[in-house]
Q: 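Sharing a structure with you now.
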Number of protein chains: 2
Amino acid sequence: MKFKYRYPRPALTVDCVVFGLDDKDLKVLLIQRARKPFRGRWALPGGFVHVEESLEDAARRELEEETGLRNVYLEQLYTFGEPDRDPRERVVTVAYYALVNLRDHHVRAATDAREAAWFAAPDVPALAFDHEKIVESAAARLKEKVRCQPIGFELLPPKFTLTQLQRLYEKVLGRPLDKRNFRKKIQSMDFLEALDEMQKDVSHRAARLYRFDKRKYGQATTKGFNLGI
Amino acid sequence: MKFKYRYPRPALTVDCVVFGLDDKDLKVLLIQRARKPFRGRWALPGGFVHVEESLEDAARRELEEETGLRNVYLEQLYTFGEPDRDPRERVVTVAYYALVNLRDHHVRAATDAREAAWFAAPDVPALAFDHEKIVESAAARLKEKVRCQPIGFELLPPKFTLTQLQRLYEKVLGRPLDKRNFRKKIQSMDFLEALDEMQKDVSHRAARLYRFDKRKYGQATTKGFNLGI
DNA sequence: TCAAAAGTGTTAAAAATACACCCATGG
DNA sequence: CCATGGGTGTATTTTTAACACTTTTGA
């Protein structure tokens with residue numbers, strides 16, 4: 001107990017809502033708590049902010065420690081600070097959300113976690129603390145974001161088909177999109193580059209592969225647009 | 001020094017970017033610091049979070065203590081936590097922004113502040129800490145918000161003219177809008193109620209007064225819309 | 001009678017939506 | 001030859017954008 005202050009201080013943590021996309025679903029990465037409180041419950045990866053690191057650094061550090069993920073796209077979501085959100089003492093948490101593609105990033109459970117696993121976004125189990133509320137906010141934010149910024153880069157493999165991209169948008173928005181209108185729209189946005197390459201090993205007509213034009217994608221990210229879907 | 005912890009903890013503060021509208025400009029409320037560091041400099045109203053109060057409660061308490069404002073519309077903006085943002089020690093601040101109408105809310109300087117004053121949003125002086133950055137984020141957020149949620153309720157007097165409302169949008173967006181298109185659009189949104197009352201004491205044709213339909217305004221706030229301007 | 005702001009519609013361009021069939025491939 | 005997903009265009013409706021003059025009022 002070496003650190004003394006005139007007034008009591010809330011503890012400060014970060015938590016990460018990590019979204020990933022596989023062939024079927026939009027998923028959320030959870031860890032199983034190895035300690036009290038809520039031992040054995042699923043929760044968001046996260047932990048205490050060190051006094052010399054930035055909030056984002058703390059989020060990246062905890063994410064790597066607990067799940068092995070690194071170099072992910074990360075953005076601050078919201079800060080949750082209700083006095084009773086942690087039964088032990090006052091804890092304020094700065095929530096981040098991350099987008100990763102499940103092919104390139106592999107997950108392993110580590111410190112403080114018995115296990116790490118992906119859950120389809122609509123069937124997340126009961127979570128520790130107020131983490132369910134945090135996941136809901138993150139899903140809502142992602143839904144907003146997708147309408148005015150491209151997000152595919154972070155969730156898809158480097159080369160992908162238009163159908164994969166459409167499925168991503170459908171999962172995030174939670175509703176079906178018209179194939180032709182989607183293609184028209186997304187191609188007019190001008191950050192997609194059609195490759196001379198086709199899908200392999202599929203038991204039906206092979207789809208053309210695309211990749212993002214990094215430069216134009218970045219512009220679209222900073223300037224924003226209206227996807228109108 | 002009664003409060004002791006195993007690990008060092010960042011201090012946690014809240015800061016408020018308060019926007020107000022007068023006849024001319026969109027303004028930001030600043031206080032002049034009475035203490036070190038940055039004594040004499042202008043800064044955002046704000047202060048330490050007490051250990052038993054929520055973040056929003058802390059923001060409201062500080063706002064009232066330092067400026068006398070209460071019952072304002074308040075929303076969380078972003079949490080700023082770079083390790084060097086305060087020269088004394090590590091301080092993480094949860095920033096909020098508020099919208100108030102200058103007719104109904106009067107400001108007085110109080111504790112910790114020599115003075116409180118309104119500055120036109122484009123000519124905010126050099127501020128303490130990273131508060132300039134916080135003001136910029138808040139202005140950017142307000143600009144986004146205005147496109148998909150009504151904000152007039154909070155910034156205008158209860159009865160107002162369409163020209164006042166248009167001026168508000170022009171100030172927030174930083175560009176002129178077409179009068180006829182604006183009126184068409186805003187009236188089709190259906191949360192305005194035309195009154196049988198006219199402006200008084202103006203030296204030109206009196207404009208019709210409007211007020212917000214609280215119910216529909218609330219729906220528009222929660223559901224969102226696309227103002228398309 | 002002048003100044004100052006209020007109020008009012010139309011047209012053209014662009015964007016959004018709805019919609020159905022043929023194609024290529026592997027099993 | 002069949003099942004599976006890939007790929008494509010047009011017509012309609014809706015939305016946006018551009019634009020200028022007449023009215024009212026008080027000074």
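Throughout, a chain's letter reflects where its sequence line sits, starting with A, and its residues are numbered from 1. Excluded from the calculations below are hydrogen atoms, water molecules and symmetry mates; all remaining heavy atoms, backbone and side chain alike, are included.
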Q: With sequence neighbours excluded, what pairs up with B:R85 under the salt bridge (charged side-chain N to carboxylate O under 4.0 Å, His left out) test?
A: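 Salt bridge (charged side-chain N to carboxylate O under 4.0 Å, His left out) list for B:R85, sorted by chain: B:D130.
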
Q: Who passes salt bridge (charged side-chain N to carboxylate O under 4.0 Å, His left out) against B:E170, sequence neighbours left out?
A: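 So B:E170 forms no salt bridge (charged side-chain N to carboxylate O under 4.0 Å, His left out) with any residue.
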
Q: Which parts of residues 201-211 of chain B get close to DNA chain D, meaning a heavy atom less than 4.0 angstrom away?
A: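 Nucleic-acid contacts, sorted: B:V202, B:S203, B:H204, B:R205.
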
Q: Please, which pairs that meet side-chain hydrogen bond (donor to acceptor under 3.5 Å, both in side chains) have at least one residue in residues 207-216 of chain B, sequence neighbours excluded?
A: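 For residues 207-216 of chain B, and leaving out neighbouring residues, the side-chain hydrogen bond (donor to acceptor under 3.5 Å, both in side chains) pairs sorted by first residue read B:E193-B:R211.
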
Q: Taking atom types as modelled and ignoring hydrogens, do the side chains of A:Q149 and A:K145 form a donor-acceptor contact shorter than 3.5 angstrom?
A: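 Judged by distance alone, the side chains do pair up.
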
Q: Of all nucleotides in DNA chain D with an atom under 4.0 Å from a non-hydrogen atom of chain B, which is the first and which the last going 5' to 3'?
A: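 The footprint of chain B covers D:dT16 to D:dA27.
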
Q: Could you state the NZ-P distance from B:K179 to C:dT8, rounded to the nearest angstrom?
A: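 After rounding, the gap between these two atoms is 10 Å.
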
Q: Which part of the nucleic acid does A:T161 contact within heavy-atom distance under 4.0 Å: base, sugar-phosphate only, or nothing?
A: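 Here A:T161 touches no strand at all.
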
Q: What pairs with A:D22 under salt bridge (charged side-chain N to carboxylate O under 4.0 Å, His left out), at least two apart in sequence or on another chain?
A: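 So A:D22 forms a salt bridge (charged side-chain N to carboxylate O under 4.0 Å, His left out) with A:K27.
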
Q: With sequence neighbours left out, write down each residue that passes salt bridge (charged side-chain N to carboxylate O under 4.0 Å, His left out) with A:K185, or none if nothing qualifies.
A: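 So A:K185 forms no salt bridge (charged side-chain N to carboxylate O under 4.0 Å, His left out) with any residue.
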
Q: Which residues pass the side-chain contact (heavy atoms from CB on, under 4.5 Å) test with B:E197, not counting sequence neighbours?
A: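 Partners of B:E197 under the side-chain contact (heavy atoms from CB on, under 4.5 Å) test: B:K159, B:L195, B:L209.
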
Q: Nucleotide by nucleotide, 5' to 3', does protein get under 4.0 Å of the base (B), only the sugar-phosphate (S), or neither (-) in nucleotides 10-19 of chain C, counting heavy atoms?
A: B-----SBBB

Q: Just to verify, what does A:F212 make a ring pair (Phe, Tyr, Trp, His ring centres under 6.0 Å) with, not counting sequence neighbours?
A: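 Checked A:F212 against ring pair (Phe, Tyr, Trp, His ring centres under 6.0 Å); matches are A:F153, A:F160, A:Y217.
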
Q: Name all residues meeting the ring pair (Phe, Tyr, Trp, His ring centres under 6.0 Å) criterion together with B:F225; count only those two or more places apart in sequence or in a different chain, and write none if there are none.
A: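 In terms of ring pair (Phe, Tyr, Trp, His ring centres under 6.0 Å), with neighbours along the sequence ignored, B:F225 is linked to no residue.
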
Q: Mind checking what makes side-chain contact (heavy atoms from CB on, under 4.5 Å) contact with B:R180, not counting sequence neighbours?
A: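 Once residues adjacent in sequence are excluded, the partners of B:R180 under the side-chain contact (heavy atoms from CB on, under 4.5 Å) criterion are B:D178.
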
